[in-house]
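Both counts, for ligands and for their atoms, begin at 1 and track the order of listing.
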Amino acid sequence: MRTREAAGATYITGKQDDPACQFLSVMLILWFCFVYGVTANPQESPAHLAGQARAESEQLEEDARNFLNELDARGSQECTEATMSNWKYASDITEEHREEKAAAQLKYAAWEKEAWGRVRKWNGKWETLSDPFLRRQFKFMSVLGTAALPKQDLEKYNNLVTEMSTIYSTAKVCQYKDPKSCKLELEPDLTRILRTSRDYGELEHVWKMWRYSSGRRIRDHYKLFVRLANKAAKLNGFDNMGEMWVYPYESETFRADLAELWEQLKPLYQQLHAYVRRKLREKYGERRISRRGPIPAHLMGNMWSQDWSEVNDLAVPFPGKASIDGYTPRRMFELSEEFFASLNLTRMPSEFWEHSIIEKPQGRDLVCHASAWDFCNGKDFRIKQCTDVTMSDLLTVHHEMGHIEYYLQYKHLPGVFRSGANPGDVPHAGGFHEAVGDVLALSVATPKHLQKIGLLQEVHDDQEEDINFLLKMALEKITFLPFGYLMDLWRWDVFSGKTHEDNWNCAWWDLRFKLQGIKPPVQRSEYDFDPGAKYHIPANVPYIRYFVSFVVQFQFHKALCMKAGEYDPLNPAKPLHKCDIYQSTDAGNLLGKMLQLGSSKEWPEAMEALTGGRRMDASVIREYFKPLENWLKKDNERHGEFVGWETDEVLCTSELPREEAKSEPSGGAAPALGLMLVAAVTLLHSLSL
Ligand code: BJ2
Ligand code: ZN
């Protein structure tokens, strides 16, 4: 710009030296002005041209709005149809429903492709729109997702995901002491055994056989799946599917930020790990739990060691525990709804109560893993959960209802901003979605609140009770952090090829050891596929959203507590962990305002609206757990505990372990022939790829 101006100035000075030339120039300009003034079309005057440009851009804005509205109306219908077929299959796994779902998925993908094609015609124009709300819709709709795959590939891809999650959802395990009785299901049977049994052998059996019946049978499917997923990502302009997954977080530093968060949280996790290891060692003996080693993964009361709160009875510093005997699933859901209503947030609509599945139906297979559903029509919202009457399921009820509350709050927005609503594969920044119900549950879990709702008889409000409470919370929240982080660390490396498929399972155990400090109860091999024994891998649901959620939910909690007047950083009588926002309409309104934004704004903006800050911040969790962290440090020191873990054991090899090579383990309901068949079919699939 500056160069062009300078050149113009030089030109004019050159001519000014000659008077004759000057005269001629003036005459020429006068003549031009005269002619122009008399004959020029008034429609070409600068003022008029500017007006015309303004009208044109207003028209473009209007056309864009109409175009998007029309697309959204049709998109919502298509989405309702596809979600309905998906629900039918997930709640009743039959061949007929599978076919219907497969057809509906293809129809939905065809629509996505058509819509994307129409959006593309706006390239070069939508970027000039002045309304950021419109521009953002175009931006979101410019990424097509897996619908970019050629039809045959897409069909294969969809079928693979359905098949993997069906293997997972229908897997059965034989009983420990009765290998001929093979009807144990993950929910409720195996989950209950892990929660309540303290028999080392039984726990090992259940842990091992679940992986034998689920993950191992998924391994070959996953190979083909990764290839197709990456093909889709490339068609969308990404290097691989991992890149496509993190794109919606709209941050260049996202992965580095996560690594930093984990580094900040690790010291607290390590103190907790050392403490629990001692408690488990006291229970199971030094031969099984070593002083400096990782903890065997089957002893934490949870199939994936992602939440250790079910071993609170072993770990509790000062015994005494709440239980919710006498509750029913319906009552648990009503309790949760009541909390939302107390904050002036929306109650569940009548359709929700009519269509949700809140208890496991008998006599049919279904996807029991709890989930929340938005049917994209502003009316139909459901939860499907095989609810068990336990404290941790009560939290899951709140978690799922948090999703529904989000759906309800942003239902006025166009579909692209109703994050999590579409059955498409490009997830929006899901961390906030995951945090809503959990934030409320942080209040519900406080001893004061549990007493209010009759779940705790006596509250002493002393230091011992405080530590008991914080330890229980840490067993749920802090133990989850490394697991929530590593699930996608593993998948990002798988998608990028950094982790080769010959090393999938051992890479998984490297991460489990390094981040969680746990080890498998029996040596693993590359015949196993332990990541596949966790729902989100076969069902292909990105997981980093949960790590993000476990960090930001404390930031949200703090902001809401301050709004409710329940937390004051300067008042030691009102610490963060004792805050209960129940019945605070001020807090509810503040939360509601953020939920109503959906994903129409970048997440730092939504975060700012609620917390005043724009970054994920681990210091709030550290603040919440500070009294416990201090107590753990002292307790570990007092017992001379080694903080951290090391091992020289080989946790995983590429070879089939010798004892297994001799005979297939008994107790998994999958016959070896079945395994071979799955492998053969998958091989055929790969050959035709
Ligand atoms: C129990 C919970 C998921 C969730 C389900 C299954 C996958 C996605 C949904 C989405 C919601 C949306 C779950 C809870 C904490 C850790 C994790 C786990 N089930 N999903 N439709 N959790 O997030 O509710 O319902 O709108 O995106 O998986 O490992 O158990
Ligand atoms: Zn969730």
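Looking only at its N/O/S atoms, Glu434 has OE1 as the one nearest to the Zn ion (ligand 2).
By heavy-atom distance, the residue among Trp304, Tyr546, Phe550, Tyr543 lying nearest atom 29 (O) of ligand 1 is Tyr543. The closest non-hydrogen atom to atom 20 (N) of ligand 1, taken over Gly430, Ser371, Gly484, comes from Ser371. Counting only non-hydrogen atoms, the option in Tyr407, Trp373, Tyr406, Phe547 that gets closest to atom 11 (C) of ligand 1 is Tyr407. Of all the listed residues (His399, Met303, Glu400), Glu400 holds the heavy atom that lies closest to atom 1 (C) of ligand 1.
For Thr390 against Met332, the heavy-atom pair with the smallest separation is O-CE, 3.7 Å. The two atoms that bring Lys477 and Phe554 nearest to each other are CG-CZ, 3.9 Å, heavy atoms only.
Ring centroid separation for the pair Trp210 and Tyr168 comes in under the 6.0 Å cut-off.
Close N/O approach between Ala370 and ligand 1 is found [any backbone or side-chain N/O within under 3.5 Å]. Considering backbone and side-chain atoms together, His536 places an N or O closer than 3.5 Å to an N or O of ligand 1. Residue contacts with ligand 1: Phe480 is placed with no nitrogen or oxygen under 3.5 Å of a nitrogen or oxygen of the ligand (distance criterion only). The shortest N or O to N or O distance between Gln306 and ligand 1 is under 3.5 Å.
Not one N, O or S atom of Glu400 sits under 2.8 Å from the Zn ion (ligand 2). Among the atoms of His433, none of the N, O or S atoms falls under 2.8 Å from the Zn ion (ligand 2).
Rounded to the nearest 10 degrees, the angle NE2 (His399) to the Zn ion (ligand 2) to NE2 (His403) equals 110°.
Contact check on Asp528 versus Arg211 returns no salt bridge, with no Lys/Arg side-chain nitrogen under 4.0 Å from an Asp/Glu carboxylate oxygen. A salt bridge links Arg255 with Glu243: the closest approach of a Lys/Arg side-chain nitrogen to an acidic carboxylate oxygen falls below 4.0 angstrom.
Tyr327 carries Arg331 over the face of its six-membered ring, with the cationic atom under 6.0 Å from the centre and within 45° of the normal. Cation-pi contact between Arg330 and Trp353: present, with separation from the ring centre below 6.0 Å and deviation from the ring axis of at most 45°. A cation-pi arrangement is not found for Lys558 relative to Tyr624, the charged atom failing to lie both closer than 6.0 Å to the ring centre and inside a 45° cone about the ring normal. Under a cutoff of 6.0 Å and an axis angle of 45°, Arg382 and Phe375 form a cation-pi pair.
Short contacts between ligand 1 and Lys534, defined as distances under 4.0 Å to a heavy atom of the residue, involve ligand atoms 18 (C), 29 (O), 30 (O). Interface of Tyr535 with ligand 1, defined as ligand atoms under 4.0 Å from a residue heavy atom, comprises 6 (C), 7 (C).
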